[in-house]
Amino acid sequence: MEVTIKEQEKKSKIQRFMDKIEKLGNKLPHPVLMFIYISVFTLVASAVLGTLGVVADTPLGKFPINNLLGQKPIEVLKVAATGTTVVERYSNGLSYVIGTAIANFMNMYAIGTILIIMLAIGLMEQSGYLSIAMKSIVKATPMKLVTPVVIFLGVMSNMASDAGYVVLIPLAALMYYTLGRHPLAGLAAGFAGVSGGFSANLFVSSTDALLLPFTQAAAETGDALAKTNLASTMSVTSNWFFMMGSTLLIMILGTLVVDKFVEPRLGDYNKKEADVEPDHEISEQEKVAFKFTNKILFVVIGLIVLAALPFDKNNIIPLLGDLSTTVGIWATDANGNAVLQSADSFLKSMFFHGDMVIMLMFVIFAVSGLVYGFKSGKFKKSEDIVPAMCKAMADMAPIIVIMFFVSQFLNYFNDSHLGVLVASLGADLVRQIPTDNMMWSMVLMVAFIFLTAFVNLFMGGASAKWGLLAPIFVPMLMVAGFTPAGVQLMYRIGDSSTNIISPLMSYLGVVVVFGQKYKKDFGVGSLMSMMMPVSMVFLIGWTLLAIIWALTGFAIGPNQFFFI
């Protein structure tokens, strides 16, 4: 008992605070239950405000709050630069809630992208290619550089959307365990890169593609309010330059915090606590298969690069096709008519458009898994491929359950017109702030980043949350002089920074399970306590980078800046 008291006295105020966070976090309800509570609250709020006859009066028209629990007919309106239009009608609120439940879930873009990527990730993981690739990188990495390498790999893994959560984080913990370091420190480093640095990357990632539709839709409203025409200028590369710079920042900050604070706090690790399978030595056949797979991947990536480069305008190489400038993209204009848009530049081409990023990742991952699996002998016949993909889908079950309730909440909030009401009130408030004052602009930037960081504690899912916040804050901050690309970037900073301490983050339960393999009593609070210092350093350091970037006037992406 005396030892325990002395150890408690040695703890700093920050450590005691994190211990309290750990205890509180472990008492929080399951994320699914939290989304159910939020959905019920939204329905009740719509009923109260709808019964009172509250109307959102915007420059684009009037939006009466729909009572989603009432018996009166409701009309769902859509905000567009040209005004308002009725997109759906229901005989009453109950018919809306019941009749749209399945469509709400099936129409969530993020579900399809995650599941498609995980099919290929399943092949990579089950074939053993990911494991041997990580081991090869670790073997070639000096001990002092393990943490920055893990964080860098975590950051880069978000090119495949959420794949890093289920692939890199457990491998990072195993990596540290194998090297004789605390495995939870490895988990922290992997989690910091994958989730804390979710928006950073050297390349355009699937996150850019996921957020773009929400930003463009909200920017149409902002264009009408701010008298601009910026929605059409948005692309998946709008935040590219800033995110490239952020990659280095996240590596440096993450390494300092994990090595100097997180791992020392964890103390010495007792390997008897681990519940992991002994790591096997890489066989000669696996080494040969790994080298052969890398050669095939080099060829595949080379073919993709050749197809993407804008030199094959006349289809000189039919086998490659042309993803650069000659491929037309069908889109919908303001009146709902389908129009064929020609790509007049490489950055607007099919290569950077919509699902292309996701499918290219799918091809690369699937090829690596298949080639290595058959070459190494892991896959004996074609029927062995199916179980590998099924295993990946099984791991996605918790995410699918959570996304169902997220989808209901998003649609309740938007279709009740509560989102338009909040956006309108916020825009009126922002109009009172002088737009030509740089100090006020910086205050707004910091306020929005920190607000996003706070909201992220109570709502997981980057694309789902942006679907909620974009209609509110993009038009509001466009009125204050920010570009939609700049607003999206600020959101990504706040959202990424507190991902690692959000009790509602979709993969939180998955990460906790990974941690329990090395410490049986590892819980949600344990994870939040461990990641708290990383989160705070990321939030402050990343915000400072954004302020400096904005003040210097550097482009945040091709032809994109912070201010209008």
Side-chain angles (χ1 to χ4, degrees), residues 155-156 158-159 197-216 218-220 222-223 226-252 308-310 324-325 343-349 351-354 357 435-446 448-449 452 462 466 470 473-475 477-497 538 541-564:
V155 170
M156 297 306 295
N158 63 53
M159 284 193 297
F198 189 77
S199 284
N201 211 292
L202 294 181
F203 305 106
V204 174
S205 71
S206 58
T207 305
D208 295 279
L210 288 172
L211 299 182
L212 178 61
F214 298 108
T215 309
Q216 282 185 315
E220 291 179 358
D223 283 336
K227 308 302 181 184
T228 56
N229 186 28
L230 298 175
S232 60
T233 67
M234 291 287 295
S235 72
V236 292
T237 61
S238 293
N239 296 153
W240 193 3
F241 298 163
F242 184 86
M243 292 310 165
M244 289 174 66
S246 299
T247 301
L248 178 61
L249 177 74
I250 293 300
M251 283 180 59
I252 295 173
L309 291 176
S324 57
T325 58
D344 56 3
S345 69
F346 178 56
L347 293 178
K348 295 180 181 179
S349 68
F351 183 72
F352 291 107
H353 191 270
V357 175
T435 57
D436 58 346
N437 190 311
M438 184 58 69
M439 185 190 72
W440 275 110
S441 296
M442 294 300 100
V443 169
L444 280 176
M445 175 186 291
V446 174
F448 180 59
I449 291 174
T452 301
W466 188 227
F473 289 102
V474 171
L477 293 175
M478 285 178 68
V479 172
F482 289 96
T483 64
V487 181
Q488 176 181 274
L489 187 153
M490 290 185 280
Y491 162 78
R492 296 174 72 173
I493 293 174
D495 175 68
S496 294
S497 298
F538 278 7
W542 217 342
T543 301
L544 289 175
L545 177 64
I547 292 174
I548 295 172
W549 204 291
L551 290 175
T552 56
F554 292 152
I556 58 177
N559 301 315
Q560 296 289 340
F561 299 87
F562 264 111
F563 301 108
I564 297 175

Next on the checklist: Main chain of L544, side chain of W549: is a donor-acceptor contact present, judged purely on distance under 3.5 Å?
Outcome noted: no
Next on the checklist: Donor-acceptor pair, distance only, cut-off 3.5 Å: does the side chain of T233 make one with the backbone of L230?
Outcome noted: yes
Please list every donor-acceptor pair under 3.5 Å in which a side-chain atom of residues 241-251 meets a protein atom from a residue at least two apart or in another chain.
| residue | atom | partner | partner atom | Å |
| --- | --- | --- | --- | --- |
| S246 | OG | F242 | O | 2.9 |
| S246 | OG | W542 | NE1 | 2.8 |
| T247 | OG1 | N201 | N | 3.1 |
| T247 | OG1 | N201 | O | 3.4 |
| T247 | OG1 | M243 | O | 3.1 |

Next on the checklist: Nearest 0.5 Å, please: how far is OG in S238 from CG in L212?
Outcome noted: 6.5 Å
Next on the checklist: To the closest 0.5 Å, what do you measure between CE (M234) and CG (N559)?
Outcome noted: 13.0 Å
Checklist entry - Excluding sequence neighbours, so at least two apart, what forms side chain to side chain donor-acceptor pair (under 3.5 Å) with T543? => result none
Item to check | Counterpart residues, side chain to side chain donor-acceptor pair (under 3.5 Å), relative to S199 (two or more places apart) | outcome: R492, S496
Checklist entry - Given the rule in the ring-ring contact (aromatic ring centres under 6.0 Å, His included) test, do F448 and F473 qualify, once you have shown the distances and angles that lead to the verdict? => result CA-CA 9 Å; F448 180 59; F473 289 102; 5.1 Å; yes
Item to check | Greater than 12 external heavy atoms within 6.0 Å of F554's CZ | outcome: no
Checklist entry - If we only count heavy atoms from C-beta on, is the T452 to M490 side-chain gap below 4.5 Å? => result no
Checklist outcome for this item: Nearest heavy-atom approach of A550 to M442 is CB-CE, 4.1 Å
Acceptor/donor pairs from residues 477-488 side chains to any protein atom, 3.5 angstrom cut, sequence neighbours excluded:
| residue | atom | partner | partner atom | Å |
| --- | --- | --- | --- | --- |
| T483 | OG1 | G486 | N | 2.9 |
| T483 | OG1 | F561 | O | 2.6 |
| T483 | OG1 | F562 | O | 3.4 |
| Q488 | OE1 | T215 | OG1 | 2.5 |
| Q488 | NE2 | N239 | OD1 | 2.7 |

Checklist entry - With sequence neighbours left out, what residues match N229 under side-chain contact (heavy atoms from CB on, under 4.5 Å)? => result D223, S232
